[in-house]
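A short worksheet on the structure shown next.
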Number of protein chains: 2
Amino acid sequence: MDSIYEPPILTVDSIIFQLVDNELAVLLLERAAEPFKGMWALPGGYNAAGETTREAMARTLATKTGLQTGDLPLIEQLYTFDTIARDPRGHAVSVTYMGLGKDLELPPSATAQNPQFFPVDQLPTVAYDHADIIGYAHRRLCSKITYTNAVFALLPELFTLTQLQTAYEAILGRQLDKRNFRKKFLSLELIEATDEYHRDGAHRPALLYRFRQQPLQVLSRSFD
Amino acid sequence: MDSIYEPPILTVDSIIFQLVDNELAVLLLERAAEPFKGMWALPGGYNAAGETTREAMARTLATKTGLQTGDLPLIEQLYTFDTIARDPRGHAVSVTYMGLGKDLELPPSATAQNPQFFPVDQLPTVAYDHADIIGYAHRRLCSKITYTNAVFALLPELFTLTQLQTAYEAILGRQLDKRNFRKKFLSLELIEATDEYHRDGAHRPALLYRFRQQPLQVLSRSFD
DNA sequence: ACAAAAGTGTTAAGAATACACCCATGT
DNA sequence: ACATGGGTGTATTCTTAACACTTTTGT
């Protein structure tokens with residue numbers, strides 16, 4: 001009864017975020033071929049037989065950008081888009097994953113596709129419906145950091161409260177009150193002070209903190 | 001370069017919830033064939049070429065249960081599961097949709113598959129990983145009703161505050177305080193009183209309310 | 001001594017919680 | 001008159017929001 005079944009094409013795409021100069025940035029590739037030649041697109045590709053979508057995501061990301069998913073402290077399935085066909089063979093369905101990291105290094109000339117991070121509010125011309133996907137991922141990230149400890153994945157192991165606040169401000173796109181931010185965040189007991197200080201220029205050194213636990217956790221009171 | 005590409009099978013599954021006798025219930029089919037013959041499974045099926053996953057969901061749901069998606073006030077993509085192959089042809093990837101409705105009628109003998117609603121805490125033996133999927137959907141529904149007006153999709157147009165509270169209790173699986181529930185919910189200004197009453201037995205009639213607007217909305221203050 | 005970022009507390013308003021009795025109806 | 005579910009208010013605690021000055025350092 002299903003013998004005439006001819007499947008849509010299954011693809012995966014990765015939305016990789018990190019903070020660059022206190023701005024939220026997303027990883028894009030420059031398309032070397034039609035369609036959308038010269039425009040920028042999310043790293044992604046076909047899902048091969050016998051591979052989970054998550055494995056396909058890891059493989060395509062490594063192949064096209066040199067990034068290993070092991071370097072991403074947090075990866076999460078985002079949404080499945082019935083995108084416009086990216087391929088003349090037909091209709092494509094793309095399972096997307098959001099990955100968060102810090103100080104991600106792109107091996108120089110990993111591929112001919114020139115992988116680069118772009119601040120989310122200064123995107124180049126983006127191919128397909130990828131601008132929508134990035135917007136969706138950004139909104140999801142905004143809500144994720146308000147009810148979970150997901151920021152840990154964007155910060156170094158030791159960080160200052162100012163760095164933490166700046167991360168929130170970069171993602172949410174608005175300023176937060178310093179005293180209220182610190183009071184609230186510390187009261188959640190997600191982070192603990194170390195006895196180390198971050199010295200950086202002609203001013204008082206900042207106490208370094210660390211997250212108590214890494215795995216994604218839901219907060220007892222949602223943030224902000 | 002992608003010429004040896006052989007895709008996984010793309011399927012869709014529907015998790016349809018409604019309230020039955022003040023319990024949250026999910027729609028299942030009895031499998032008539034192997035694998036898992038005699039066990040119960042979510043309605044679903046293959047995604048055909050040229051059809052979006054949402055269209056495939058509507059089609060398979062109508063074919064297997066007689067339900068029209070037009071009768072579901074809220075449908076939302078849930079998650080994409082890399083499920084165990086449901087088909088000897090190979091690896092299956094299932095895009096799932098959650099649908100909410102009320103007073104859904106299953107056309108008698110719509111199919112040989114005996115569609116029925118089961119209370120989520122009294123499920124029969126469920127095939128595949130569908131028990132996990134139902135659990136996932138239930139958790140998502142719990143959080144959805146706390147930060148959106150999604151309950152509207154489970155209630156009739158006019159309803160009493162007690163019906164509303166009972167719906168929350170059925171979904172969340174715990175009791176709520178009547179006075180606090182009413183105070184909070186009314187303060188959100190999502191619903192308005194009508195001038196009609198629900199008479200039902202030997203007690204004071206209950207004032208009927210309606211939602212001010214149907215489309216899914218995020219609440220100003222999250223609920224509960 | 002100055003510039004620069006780190007650090008810190010209080011008050012007021014709003015929200016959440018806990019809790020018990022009267023009201024309107026049908027029989 | 002009684003049984004049944006509908007309806008209502010207050011006091012306490014916790015949370016949020018608004019807001020400005022002192023501290024520590026490097027030059």
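Note on naming: letters A, B, ... go to the chains in the order of the sequence lines (proteins, then strands), and numbering restarts at 1 for each one. No hydrogens, no waters, no symmetry mates; every other heavy atom, side chains included, goes into these values.
- Under 3.5 Å, the side chain of A:N180 and the base of D:dA18 form at least one donor-acceptor pair of N or O atoms.
- Within the model, atoms CE of B:M57 and CE of B:M98 stand 10.5 Å from one another, a figure rounded to the nearest 0.5 Å.
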Heteroatom pairs (N/O) under 3.5 angstrom, protein to nucleotides 24-27 of chain C:
unit_1: C:dA24; atom_1: N3; unit_2: B:R204; atom_2: N; d: 3.0
unit_1: C:dT25; atom_1: O2; unit_2: B:A202; atom_2: O; d: 3.1
unit_1: C:dT25; atom_1: O2; unit_2: B:H203; atom_2: N; d: 3.1

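- Here B:L158 pairs with B:T194, B:E196, B:L208, B:R210 under the side chain to side chain contact (heavy atoms under 4.5 Å, CB included) rule; sequence neighbours left out.
- Remark: B:K184 does not engage B:D177 in a salt bridge, criterion side-chain N to carboxylate O under 4.0 Å.
- In terms of polar N and O atoms assigned as donor or acceptor, the side chain of A:R179 never comes within less than 3.5 Å of the base of D:dA18 in a complementary pairing.
- For the pair B:L208 CG and D:dG6 P, the interatomic distance rounds to 11 Å; values are reported in whole Å.
- A 4.5 Å side-chain heavy-atom check between A:E76 and A:R140 finds at least one atom pair inside the cut-off.
- Proximity note for A:R182 (side chain, C-beta onward) versus D:dG7, C:dG7, C:dG9: the nearest is C:dG7.
- Under the 4.5 Å side-chain criterion, counting only non-hydrogen atoms from C-beta, B:N47 is not in contact with B:T60.
- Whole-Å rounding puts the B:Q175 CD to C:dT17 P distance at 16 Å.
- Out of D:dT16, D:dG6, D:dC19, the shortest distance to the side chain of B:K178 is found at D:dG6.
- As rounded to whole Å, 17 Å separates atom P of D:dG6 from atom CD of B:E196.
- Nucleotide D:dG7 holds its P atom 13 Å from the CZ atom of B:F181, rounded to whole Å.
- As rounded to whole Å, 12 Å separates atom P of D:dG6 from atom CG of B:L164.
- The distance from atom OH of B:Y209 to atom P of D:dG6 is 12 Å, rounded to the nearest whole Å.
- Here A:L161 lies out of heavy-atom contact (under 4.0 Å) with every strand.
- Positionally, the nearest nucleotide of DNA chain D for B:Y197 lies more toward the 5' end than for the other of A:D224 and B:Y197.
- Side-chain atoms of B:A206 lie closest to D:dG6 of the nucleotides D:dG6, D:dA18, C:dA16.
- Using a 4.0 Å heavy-atom criterion, one finds that B:T162 contacts the sugar-phosphate atoms exclusively.
- Atom pair A:L186:CG and C:dG7:C1' shows a separation of 11 Å (rounding to whole Å applied).
- For the pair A:R212 and A:E192, the tightest heavy-atom approach, listed with the atom from each and the gap, is NH1-OE1, 3.0 Å.
- Judged by atom type and distance alone, B:K183 reaches the base of D:dT10 through a side-chain donor-acceptor pair under 3.5 Å.
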- request: Apply the test side chain to side chain donor-acceptor pair (under 3.5 Å) to residues B:T162 and B:R182: give CA-CA distance (whole Å), side-chain angles for both, the deciding distance (0.1 Å), then the verdict.
  value: CA-CA 9 Å; B:T162 299; B:R182 290 171 180 226; 3.2 Å; yes
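- Set against D:dT16, C:dA6, C:dC19, the side chain of A:K184 has D:dT16 as its closest nucleotide.
- Summarising the geometry, the separation between CZ on B:R221 and C1' on C:dG14 is reported as 9 Å, rounded to the nearest angstrom.
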Open item on the list: Assess the residue pair B:Y136 and B:T96 against the criterion (side chain to side chain donor-acceptor pair (under 3.5 Å)); give the C-alpha distance rounded to whole Å, side-chain angles, the decisive distance to 0.1 Å, and a yes or no.
Closed with: CA-CA 11 Å; B:Y136 185 89; B:T96 57; over 6 Å; no
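- Among the heavy atoms of the strands, none lies under 4.0 Å from A:D200.
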